[in-house]
*Asks:* 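Okay, here's the structure, questions in a sec.
Bear in mind the structure is a predicted one, so any value in this text is a computation, not a measurement.
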Amino acid sequence: MMDITAAGTTGPLDGVRVIDLSTVMMGPYAAQILGDLGADVIKIESPSDTVRVGPYRTTPGMTPLHLNVNRNKRSVTLNLKDDADRARALELIDSADVLVTNMRPGALDRLGLGHADIAARNPGLVYAHAQGFRSDSDRAGNAAYDETVQAASGLVDVANRALGTPAYLPTIIGDKVCALTIVYSVLAALVHRARTGAGQYVEIPMADTLIAFNLVEHLAGHVFEPPEGPTGFPLSMKKGHRAVPTKDGLACVIPYNPQNFRDFFLAADRADLVADPRVNGESIADDDVDALMELVGECSPSLTTEEWERVCAKHSIPMAPVLELDRAAEDPYVRSGQLLDVVDHPSEGAIRSVGIPVRFSDTPGSVRRLAPLPGRHTEEVFQELASGQEFASGQKLSVGR
């Protein structure tokens, strides 16, 4: 079991204070990443918003999603509709370098927490505001969920064309991609502040973010005006673009050139396919890809996943075993990278904590705190403010303020 108290290394954002005034997934995940990188993240939670949906072990509200996106934070509970508590929230924001929020603009303005109000008090603040749709669009006030953003971004159209059904991707990709966009936008704004001393307002609309993300490859022939071909990235839209069965599981096997296909068919003991003219030219014709991938799927059950992994590594054939989520903790790659460690949570006992995927040679990130109970640090944080102690650990970062 990993000992959190031993993880004392500070990250590259040591000295940066982040106020997390967000809910659900997108904002909290972004703020957690900033915390993983060393920032002092203080999460402001409403006393009436501490019940979360999902299973729990010991404490209501301590659900898997909460545990997964709220580590490396301190939690304070404040009722922002109460004048005294709102004043305390403003005091916290005055001490901060970054504010991350996904509250609706109207609600923020009514509470005196809109950008104009905050910038007048703390002109060096990076105010990162995530919302469903662009504030100057006719959808600005619309509610946004991951599924609505997948639809608005064209991802549902991609699924419909590739799979024959207008499905949503079975992951909250809009929230997570937007969270990553919040992180890099905040970091860019901090660099700007280091040069100029000025904070700024950063708007991160989910729909715009996912449209840009989706069109990188799927705009395809419509990059040109007039179009030089259809939309949709050809390789991703092929019928044979899927994992294949092995003797004992599933694997992604993607032969990319004639030699890859010949080596694969030889390992499957299919000499007839090794001699196939379609895999003996200078390249694979686009019209042959689907049929050849069907043959890959027919041959793949001849060996186990581990055997195919050795064969493909030997012949430089792109391949990866399909990670089964139920067995993720046992996967050798996951285990060797400490991507899923068992840790002892103060209130919930043994839980699995997802590792930090990025590695810094000199300033590695670390898991210093597990997701706290709501309000766990209210007294501690405001005692620090009252005493003039700006940070729980580390020194305040000098970035132009």
*Asks:* Is there a side-chain contact between Arg193 and Asp97 in this structure, where contact means two heavy atoms from C-beta onward sitting under 4.5 Å apart?
*Replies:*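 They are in contact (side-chain heavy atoms under 4.5 Å apart), so the answer is yes.
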*Asks:* Test Leu13 against Leu34 for side-chain contact (heavy atoms from CB on, under 4.5 Å), laying out the working first.
*Replies:* CA-CA 7 Å; Leu13 294 184; Leu34 295 170; 3.7 Å; yes
*Asks:* Applying ring-ring contact (aromatic ring centres under 6.0 Å, His included) as the test, list every pair that has at least one member in residues 129-166; sequence neighbours left out.
*Replies:*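 Output for this query is empty, none listed.
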*Asks:* Indicate the atoms forming the closest heavy-atom contact of Ile118 with Gly112, along with that distance.
*Replies:*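 Closest approach of Ile118 to Gly112, heavy atoms only: CD1-O, 4.2 Å.
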*Asks:* Between Glu348 (side chain only) and Met62 (backbone N and O only), is there a donor and an acceptor less than 3.5 Å apart?
*Replies:*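 Checking the backbone N and O of Met62 against the side chain of Glu348, no donor-acceptor pair under 3.5 Å is found.
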*Asks:* Return the minimal non-hydrogen interatomic distance between Asn214 and Ser153, and the atom names on each side.
*Replies:*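 So the minimum-distance heavy-atom pair works out to ND2-O, 2.9 Å.
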*Asks:* Which heavy atom of Pro255 sits nearest a heavy atom of Phe261, and at what distance?
*Replies:*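 Closest approach of Pro255 to Phe261: O-CE1, 3.5 Å.
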*Asks:* Test Ile93 against every option in Leu113, Val98, Asp117, Thr101 by the side-chain contact (heavy atoms from CB on, under 4.5 Å) rule and name the one that passes.
*Replies:*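 Only one of Leu113, Val98, Asp117, Thr101 forms a side-chain contact (heavy atoms from CB on, under 4.5 Å) with Ile93, namely Leu113.
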*Asks:* Output all residues satisfying salt bridge (charged side-chain N to carboxylate O under 4.0 Å, His left out) with Glu217, sequence neighbours left out; order by chain, then residue number.
*Replies:*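 Residues passing salt bridge (charged side-chain N to carboxylate O under 4.0 Å, His left out) with Glu217: none at all.
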*Asks:* Starting at CD of Gln150, measure out to CD1 of Ile173 and round the result to the nearest 0.5 Å.
*Replies:*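 Rounded to the nearest 0.5 Å, the CD-CD1 separation comes out at 6.5 Å.
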*Asks:* For atom CD of Glu330, is the number of surrounding heavy atoms from other residues, nucleotides or ligands below 6.0 Å larger than 12?
*Replies:*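 Counting other residues, nucleotides and ligands, CD of Glu330 exceeds 12 neighbours.
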*Asks:* Sorted by first residue and then second, give each ring-ring contact (aromatic ring centres under 6.0 Å, His included) pair with at least one member in residues 320-340; sequence neighbours left out.
*Replies:*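 Of all non-adjacent pairs touching residues 320-340, none passes ring-ring contact (aromatic ring centres under 6.0 Å, His included).
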*Asks:* With the threshold set at 4.0 Å, does a side-chain nitrogen-carboxylate oxygen contact exist between Arg278 and Glu294?
*Replies:*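 Salt bridge between Arg278 and Glu294, a charged N being under 4.0 Å from a carboxylate O: no.
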*Asks:* Check whether more than 12 heavy atoms from other residues, nucleotides or ligands sit under 6.0 Å from atom CZ of Arg262, and answer yes or no.
*Replies:*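 Counting other residues, nucleotides and ligands, CZ of Arg262 exceeds 12 neighbours.
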*Asks:* Please walk me through it: do Ser347 and Thr58 pass side-chain contact (heavy atoms from CB on, under 4.5 Å)?
*Replies:* CA-CA 7 Å; Ser347 66; Thr58 303; 5.7 Å; no
*Asks:* Side chain of Thr77, backbone of Pro47: donor and acceptor closer than 3.5 Å?
*Replies:*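 Checking the backbone N and O of Pro47 against the side chain of Thr77, no donor-acceptor pair under 3.5 Å is found.
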*Asks:* When you measure from the side chain of Arg368 to the backbone N and O of Gly35, does any donor-acceptor pair fall under 3.5 Å?
*Replies:*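 Pair found, side chain donor or acceptor close to backbone of Gly35.
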*Asks:* Can you name the closest pair of heavy atoms from Ile317 and Phe264 and give their distance?
*Replies:*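 In terms of heavy atoms, the two residues are closest at CD1-N, 4.0 Å.
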*Asks:* OG/Ser185 to CD1/Ile204 distance, rounded to the nearest 0.5 angstrom?
*Replies:*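 Reported value, rounded in 0.5 Å steps: 5.0 Å.
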*Asks:* Going by the rule side-chain contact (heavy atoms from CB on, under 4.5 Å), which residues pair with Arg110 if we only count those two or more places apart in sequence or in a different chain?
*Replies:*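 Arg110 satisfies side-chain contact (heavy atoms from CB on, under 4.5 Å) with Ala107 once adjacent residues are dropped.
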*Asks:* Is the backbone of Leu235 close enough, under 3.5 Å, to the side chain of His241 for a donor and an acceptor to pair up by distance?
*Replies:*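 At least one qualifying donor-acceptor pair exists.
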*Asks:* Does the side chain of Glu384 reach to within under 4.5 Å of the side chain of Arg74, using non-hydrogen atoms?
*Replies:*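 Yes, side chains in contact.
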*Asks:* Give a yes or no on whether the backbone of Ser22 and the side-chain of Lys43 come within a donor-acceptor separation of less than 3.5 Å.
*Replies:*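 Yes; judged by distance alone, with no hydrogens or angles, the pair exists.
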*Asks:* Is it the case that the side chain of Asp276 and the backbone of Asp272 share a donor-acceptor pair, with hydrogens and angles ignored and the cut-off at 3.5 Å?
*Replies:*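 Not at all, since once roles are kept as given, no pair shorter than 3.5 Å links the two residues.
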*Asks:* Which is it for Thr305 and Asp248 under the side-chain hydrogen bond (donor to acceptor under 3.5 Å, both in side chains) test, yes or no, and what are the steps along the way?
*Replies:* CA-CA 6 Å; Thr305 301; Asp248 61 351; 3.1 Å; yes
*Asks:* So how far is it from Leu108 CG to Gln131 CD, rounded to the nearest 0.5 Å?
*Replies:*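 It comes to 9.5 Å.
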*Asks:* Can Lys238 and Asp290 be counted as an ion pair, charged N to O under 4.0 angstrom?
*Replies:*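 No salt bridge links Lys238 with Asp290.
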*Asks:* Counting only N and O atoms by type, is there a donor-acceptor contact under 3.5 Å from the side chain of Asn70 to the main-chain atoms of Leu373?
*Replies:*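 It does not hold such a pair.
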*Asks:* Using 0.5 Å steps for rounding, measure from the OG atom of Ser353 to the CG atom of Asp344.
*Replies:*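 Rounded to the nearest 0.5 Å, the OG-CG separation comes to 12.0 Å.
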*Asks:* Quick one: closest heavy-atom pair of His66 and Ala371, and the distance?
*Replies:*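 The pair with the smallest heavy-atom distance is O-CB, 3.7 Å.
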*Asks:* My understanding is that only residues two or more places apart in sequence, or in another chain, count here; which of them pass salt bridge (charged side-chain N to carboxylate O under 4.0 Å, His left out) with Asp138?
*Replies:*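 Listed in chain order: nothing, the list is empty.
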*Asks:* Do you know which of Lys73, His377, Arg17 makes side-chain contact (heavy atoms from CB on, under 4.5 Å) with Ile42?
*Replies:*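 That would be Arg17; it is the only one of Lys73, His377, Arg17 passing the side-chain contact (heavy atoms from CB on, under 4.5 Å) with Ile42.
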*Asks:* Would you name the heavy atoms of Val311 and Leu303 that are closest together and state the gap between them?
*Replies:*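 Minimum heavy-atom contact is CG2-CD1, 4.2 Å.
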*Asks:* Met206 versus Thr209: any side-chain heavy-atom pair under 4.5 Å?
*Replies:*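 Side-chain contact under 4.5 Å: no.
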*Asks:* Can you tell me which residue pairs pass the ring-ring contact (aromatic ring centres under 6.0 Å, His included) test with a partner in residues 165-219, sequence neighbours excluded?
*Replies:*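 Found His115-Tyr201, Tyr127-Tyr201.
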*Asks:* Compare all side-chain heavy atoms of Phe382 with those of Leu78 and state whether any distance is below 4.5 angstrom.
*Replies:*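 Side chain of Phe382 against side chain of Leu78, heavy atoms only: contact under 4.5 Å found.
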*Asks:* Should the pair Arg71-Asp36 be classified as a salt bridge under the 4.0 Å nitrogen-to-oxygen rule?
*Replies:*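 Result for this pair is yes, salt bridge flagged.
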*Asks:* Mind running side-chain hydrogen bond (donor to acceptor under 3.5 Å, both in side chains) on Arg161 and Thr231 for me, showing each step along the way?
*Replies:* CA-CA 11 Å; Arg161 291 161 62 182; Thr231 55; 3.0 Å; yes
